[in-house]
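Letters A, B, ... are given to chains in the order of the sequence lines, protein chains preceding strands, and every chain is numbered from 1. Note that these values count all heavy atoms, side chains included, but never hydrogens, waters or copies made by symmetry.
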Amino acid sequence: LVLLALDLTGLSVCMSDLEMASFLASVEQKAFAMAMLALKNREQALDTVQEAMLQLVQRYRQRPAEEWPPLFHRILQNAITDQHRRRRWSQLIRPWRDEADEQWCTNTVADPQHVPQAERLQQTRALNRLQQALQNLPRRQQQAYLLRHWQGLDVKATAQAMQCSEGSVKTHLSRALTALKIELAQDWP
Amino acid sequence: MINNDDETFIQQIKLRLDEQRLDADTRLALQQARIKALSVAARRRWRMPWLEFAVTASLLTVLALNLPVTKPAKTPEKIEPSTAKSVQLRRTATAATASKTPAKTPAAKPANQSTADAELLENLELYEDAEFYQWLSEQPQQGAHDA
């Protein structure tokens with residue numbers, strides 16, 4: 001019985017690991033994109049995503065899988081805030097060094113081989129404009145918009161991830177949407 | 001409130017964001033980060049039973065080392081009624097000797113003092129039941145044997 005219990009425990013642990021691996025695989029690219037939009041630096045964005053993954057696995061692996069998305073995004077947003085703080089200190093010490101100097105040029109559109117050249121160019125241009133518009137949003141509006149309308153969290157989960165009230169989330173969302181509509185009013189998509 | 005136009009606009013943005021693909025280097029880096037996070041957690045999980053075992057083993061070792069040092073509590077010896085008289089006699093003799101010998105400073109005769117202390121300690125348990133032995137010695141011999 002003890003052996004059976006141990007086996008079952010090991011099995012459940014393996015299942016939980018598989019679930020976690022699958023969850024991380026599903027969110028990592030979007031998480032990187034969000035970190036990149038907020039930080040505008042590839043290395044820092046990678047570090048931030050890795051830190052968020054580590055913390056989620058170490059602290060919240062035992063939690064039910066439904067709780068992982070808001071927890072992961074909360075950790076990610078906190079890590080992004082920490083990076084911003086570090087960057088501010090770094091700029092105070094070395095004002096000549098700009099860490100947010102990378103462009104969002106590492107991305108390409110999907111299946112470049114199967115898309116005609118002109119269309120691909122248009123898509124890339126539209127994506128760049130969108131990314132620029134998102135980067136221009138205030139950080140909280142950007143977080144709210146991406147979590148709610150891109151990651152697909154509901155308002156409650158978004159509020160949990162942003163550690164604010166649901167009312168604040170709705171306000172941020174409304175302002176972000178207005179700003180994006182103004183920014184992308186012409187020549188988009 | 002989000003109207004239909006807003007909904008369409010949001011969907012367009014979502015589609016556009018979903019279309020983007022990261023370059024191979026970034027995808028590889030993210031994959032490595034994920035594997036690292038999962039392996040760290042796995043290492044940590046398998047380290048815990050080892051840690052528990054180590055703590056338990058060290059505690060047991062400390063306990064085992066301390067066991068011979070601590071003396072077991074002395075069980076009170078059964079004293080035969082016949083020996084009770086001898087005990088009382090010895091006590092009386094000790095008291096008499098103590099009253100005859102003049103008082104000495106502890107520094108002057110430490111050896112005598114320590115011998116007396118040792119004797120006192122030896123008979124400590126007997127002194128605890130002094131009243132009983134006193135009563136026992138006063139009983140007639142026959143009654144004592146019956147008891």
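In terms of modelled atom types and a separation under 3.5 Å, the side chain of B/Gln20 and the main chain of B/Leu17 share a donor-acceptor contact. Of the possible polar contacts, one joining the A/Arg148 side chain to the A/Leu153 backbone as a donor-acceptor pair under 3.5 Å is found. With hydrogens and angles disregarded, a donor-acceptor distance shorter than 3.5 Å links the side chain of B/Ser39 to the backbone of B/Ile35.
For a residue to count as touching a neighbouring chain, one of its non-hydrogen atoms must lie under 4.5 Å from one of that chain's; by this rule A/Ala25 touches chain B with backbone and side chain alike. Proximity to chain B is limited to the side chain of A/Lys30, based on heavy atoms less than 4.5 angstrom apart. Both the backbone and the side chain of A/Leu180 have a heavy atom closer than 4.5 Å to some heavy atom of chain B. At a 4.5 Å heavy-atom cutoff, the contact between A/Leu24 and chain B is made by backbone and side-chain atoms alike. Contacts of A/Leu134 with chain B are made by side-chain atoms alone, with heavy-atom separations under 4.5 Å and no backbone atom involved.
A/Thr158 has its side chain out of reach of A/His172: every pair of non-hydrogen atoms, C-beta onward, lies at least 4.5 Å apart.
Classification of A/Lys181 and B/Asp6 as a salt-bridged pair holds, one side-chain N sitting under 4.0 Å from a carboxylate O.
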